[in-house]
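This report concerns only the one structure given below.
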Amino acid sequence: MIQRQLKEVPFSRSDYDAFIFDMDGVLTRTARVHAAAWKALFDEYRERTAGTWKPFDPDEDYRRYVDGKPRYDGIRSFLASRGIEIPFGTPEDDREKETICGLGNRKNAFFREHLRKQGVETYGPAVDLVRKLRTAGFGTAVISASRNCERVLREAGLLDLFDVRVDGVVSEKIGLKGKPDPDIFLEAARRLGTDPGRSVVVEDALAGIEAGKKGRFGCVIAVDRTGHPESLRDAGADLVVADLSEIALAEKVLPSALESLGDIEEAVSGKETVVFLDYDGTLTPIVESPDLAVLSPDMRRKVKNLADVCTVGVISGRDLQDVRSMVGIDGIVYAGSHGFDIAGPGGRRTELQQGKDFLPALDEAEKQLREILRPVEGTLVERKKFSIAVHYRKVRQEEVPQVEDRVDRVLEQSSGLRKSFGKKVFELQPEIDWNKGKALFWVLDALDLDGPDVLPFYIGDDTTDEDAFTAIEDRGIGIVVMNRPRPTRARYALKDPDAVGRFLESLERVIRR
């Protein structure tokens, strides 16, 4: 039998120095206490003002407008969503005063009352992970937008588990911006004496994930407490877990797919094999400009030979016509724009209908991006039919935050678009629940290959490929292309495109037997 890898994702001291945890919703169950306090506040405010606006939803509105943000920012954000504008006031405002600060102070009173009645519950696996991290020599920090952070940690018995605490009190004192700005995480890393690139952020809030990504942290882990993994990935999470027990600290390295051909041959035996491939970074090396990623004749031959013995598909972020012309092999499946546009043998073709509705927004965003990024040397705006890629591989490192800031400014003005991340690229796409994993299963279904007798492979190198690895984790084989360990849902690894070529050749021989 093929040996399945544990679902635990390994982190080691050789790759990272520290972990920075958000408190509410990650370590403590106070997120639901906060949600209840927000609900009580806005329901009362709505009744007091005889408002007819839509009431506060403790799930959707909490995640979108207030979770992870400083209290006053959350007030302003939610009220703006209902078209309500009131004076900011001052932090000393009485909690009955109709100002941002007055409402914020009243919310804090609700929160403290809920906390007094219910106490503080913790997430056991999260606390266990912190203890293991400290034993293994990692630095640990806790951050929170709340001014009640110290009190909550003390009541939960967690205060001594962290080398550094950066909370709402500290943020106000030294003037840190709230999430989604990365200030609070960067300050925690500074106090730990670690580089952000060597640090891991653990969050559950969309604003916190965005902040971790903007701060260029080595890894951003999202804990999915509400059953919305897609939104967490879209916000920029490198890894989404349902529970922190999925994080392991052992020096566990994914086995090489080339060195595991015996196991793979056993898995293939008696099954119909389907192989899906990413393009850039998988079939070709990553290069400075997309037009330079030319498929070598040798790799084309290997892919074509494999397609003679099994179904082969290429799923790429490139436009459909672009990836078809770059690969140039008839009789295989092509999925462009991360699966928004799919074509296969026998004239099969589909464009995700919802994606077409966003073409005017993409047209306008493209125009704005070209204008706003023109002064930043090294940026490349690549328009695809269903997305816009902003490449910054040639941009000086110190100017990359400026590029992302300008992309974010355009995104704020673009209705229905979302930002995703790749290797040295920001991408704007329609805000639709669609990704490479869903595209993979669409292809299987369209070809009548979505059955127990089919073994799907997916080989890719980028964070966008994690959706496909996750989709086939329990029924197929994911292979990640990487030259150093990183969190992934893949089962095996290959070092580079040359190794991919050797594996495809070996897999062809295995299938022919």
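What you are looking at is a predicted structure, and each value in this text was computed from that prediction instead of being measured.
In this structure, Val294 and Thr284 have side chains that are not in contact, with every pair of non-hydrogen atoms separated by 4.5 Å or more. The shortest side-chain heavy-atom distance between Leu206 and Ser231 falls under the 4.5 Å cut-off. Two residues are said to be in side-chain contact when any heavy atoms from C-beta on lie closer than 4.5 Å; Val410 and Asp408 fail this criterion. Proximity of Cys149 to Arg165: side-chain heavy atoms (C-beta onward) are separated by under 4.5 Å at one or more points. For the pair Val480/Leu494, no side-chain contact is recorded, criterion being any heavy-atom separation below 4.5 Å from C-beta on. Between Glu230 and Asn435, the closest side-chain pair of non-hydrogen atoms falls below 4.5 Å. Side chains of Glu427 and Gln429 form a contact here, defined as non-hydrogen atoms less than 4.5 Å apart. For the pair Ser146 and Asp167, the minimum side-chain heavy-atom distance is 4.5 Å or more.
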Using residues 374-381 as the side-chain source, report each donor-acceptor pair under 3.5 Å to any protein atom, sequence neighbours left out, with the distance given to one decimal.
unit_1: Arg374; atom_1: NH1; unit_2: Glu371; atom_2: OE1; d: 2.8
unit_1: Arg374; atom_1: NH1; unit_2: Glu371; atom_2: OE2; d: 3.4
unit_1: Thr379; atom_1: OG1; unit_2: Leu373; atom_2: O; d: 3.3
unit_1: Thr379; atom_1: OG1; unit_2: Val376; atom_2: O; d: 3.0

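With sequence neighbours left out, the side-chain hydrogen bond (donor to acceptor under 3.5 Å, both in side chains) criterion links Arg191 to Glu187. Here Arg71 pairs with Asn108 under the side-chain hydrogen bond (donor to acceptor under 3.5 Å, both in side chains) rule; sequence neighbours left out. Taking the ring-ring contact (aromatic ring centres under 6.0 Å, His included) definition, one finds that Phe88 meets it with Tyr72, sequence neighbours left out. The side-chain hydrogen bond (donor to acceptor under 3.5 Å, both in side chains) test applied to Arg64 returns Glu60, not counting sequence neighbours. For the side chain to side chain contact (heavy atoms under 4.5 Å, CB included) test, residues two or more places apart in sequence or in another chain that qualify with Lys302 are Asp298, Glu505.
Of the possible polar contacts, one joining the Arg406 side chain to the Ile372 backbone as a donor-acceptor pair under 3.5 Å is found. Formation of a donor-acceptor pair under 3.5 Å by the Arg491 side chain with backbone atoms of Gly476 is found in this model. Without hydrogens or angle criteria, Asp181 side chain to Asp183 main chain gives no donor-acceptor distance under 3.5 Å. Using modelled atom types, no side-chain atom of Asp319 and backbone atom of Asp322 make a donor-acceptor pair closer than 3.5 Å. Here the side chain of Arg324 pairs no donor or acceptor atom with the backbone of Tyr334 at under 3.5 angstrom. Of the possible polar contacts, one joining the Asp224 side chain to the His228 backbone as a donor-acceptor pair under 3.5 Å is found. No side-chain donor-acceptor contact under 3.5 Å links Arg318 to the backbone of Leu320. Counting only distance, with no hydrogens or angles, the side chain of Arg198 and the backbone of Phe217 share no donor-acceptor pair below 3.5 Å. When atom types are taken as modelled, the side chain of Tyr279 and the backbone of Leu295 share a donor-acceptor pair closer than 3.5 angstrom. Although no hydrogens or angles enter the test, the distance criterion places a donor-acceptor pair under 3.5 Å between the side chain of Ser296 and the main chain of Met299.
Interatomic distance, CZ of Arg409 versus CD of Glu412, reported as 9.0 Å (0.5 Å rounding). For the atom pair NZ (Lys132) and CG (Leu244), the distance works out to 10.5 Å, reported to the nearest 0.5 Å. Taking OG of Ser171 as the start and CZ of Arg147 as the end, the distance is 10.0 Å to the nearest 0.5 Å. Going from atom CG of Asp278 over to atom CD1 of Ile315 covers 9.0 Å, rounded to the nearest 0.5 Å. Residue Leu277 holds its CG atom at 7.5 Å from OG1 of Thr282, rounded to the nearest 0.5 Å. Here Ile143 contributes atom CD1 and Phe185 contributes atom CZ; the two are 4.0 Å apart, rounded to the nearest 0.5 Å.
The residues Asp61 and Arg82 are annotated as salt-bridged, a charged nitrogen and a carboxylate oxygen being separated by less than 4.0 angstrom. Here Asp73 does not pair with Lys179 in a salt bridge; the nearest charged N to carboxylate O distance is not below 4.0 Å. Ionic pairing of Lys384 and Asp341 is not present here: no N-O contact between side-chain nitrogen and carboxylate oxygen is shorter than 4.0 angstrom.
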Please walk me through it: do Val200 and Phe11 pass side chain to side chain contact (heavy atoms under 4.5 Å, CB included)? CA-CA 9 Å; Val200 178; Phe11 286 80; 4.0 Å; yes
Please test Asp467 against Lys436 for salt bridge (charged side-chain N to carboxylate O under 4.0 Å, His left out), starting from the C-alpha separation and ending with a verdict. CA-CA 6 Å; Asp467 292 311; Lys436 288 185 175 183; over 6 Å; no
Given the rule in the side chain to side chain contact (heavy atoms under 4.5 Å, CB included) test, do Leu161 and Arg134 qualify, once you have shown the distances and angles that lead to the verdict? CA-CA 8 Å; Leu161 287 184; Arg134 292 179 67 81; 4.3 Å; yes
Should Ile459 and Leu504 be marked as a side chain to side chain contact (heavy atoms under 4.5 Å, CB included) after you check the CA-CA gap, both sets of side-chain angles, and the distance that decides it? CA-CA 10 Å; Ile459 307 176; Leu504 297 182; 4.0 Å; yes
Test log, rule side chain to side chain contact (heavy atoms under 4.5 Å, CB included), inputs Ser414 and Glu364: CA-CA 8 Å; Ser414 304; Glu364 180 59 28; over 6 Å; no
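Looking at Ser387 and Ser337, their side chains never bring a donor and an acceptor atom within 3.5 Å of each other. Checked by atom type, the side-chain pair Asp15/Ser12 shows a donor-acceptor distance below 3.5 Å. Between the side chains of Thr470 and Arg489, no donor-acceptor pair is found at a separation under 3.5 Å. Side-chain polar atoms of Asp465 and Tyr458 form a donor-acceptor pair below 3.5 angstrom.
Across all their heavy atoms, Ile209 and Ala222 have their closest contact at CD1-CB, 3.6 Å. Considering all non-hydrogen atoms of both residues, Gly212 and Val220 come closest at C-CG2, 3.7 Å. Summarising the geometry of Phe386 relative to Pro430, their closest heavy-atom pair is O-CD, 3.0 Å, with the distance given to 0.1 Å. The nearest pair of heavy atoms linking Val312 to Ile332 is O-CB, 3.2 Å. For the residue pair Leu186 and Gly215, the shortest heavy atom distance occurs at CD2-O, 3.9 Å. Considering all non-hydrogen atoms of both residues, Leu258 and Ser506 come closest at CD2-OG, 4.3 Å.
With respect to Lys419, the salt bridge (charged side-chain N to carboxylate O under 4.0 Å, His left out) criterion is satisfied by exactly one of Glu210, Glu404, Glu431: Glu404. When each of Tyr16, Phe162, Phe21, Phe19 is tested with Phe138 by the rule ring-ring contact (aromatic ring centres under 6.0 Å, His included), just one qualifies, namely Phe19.
A tilted orientation is assigned to the rings of Phe457 and Phe503, their planes being inclined by 30° to 60°.
For the pair Arg76 and Tyr65, the cation-pi criterion (under 6.0 Å, within 45° of the ring axis) is not fulfilled.
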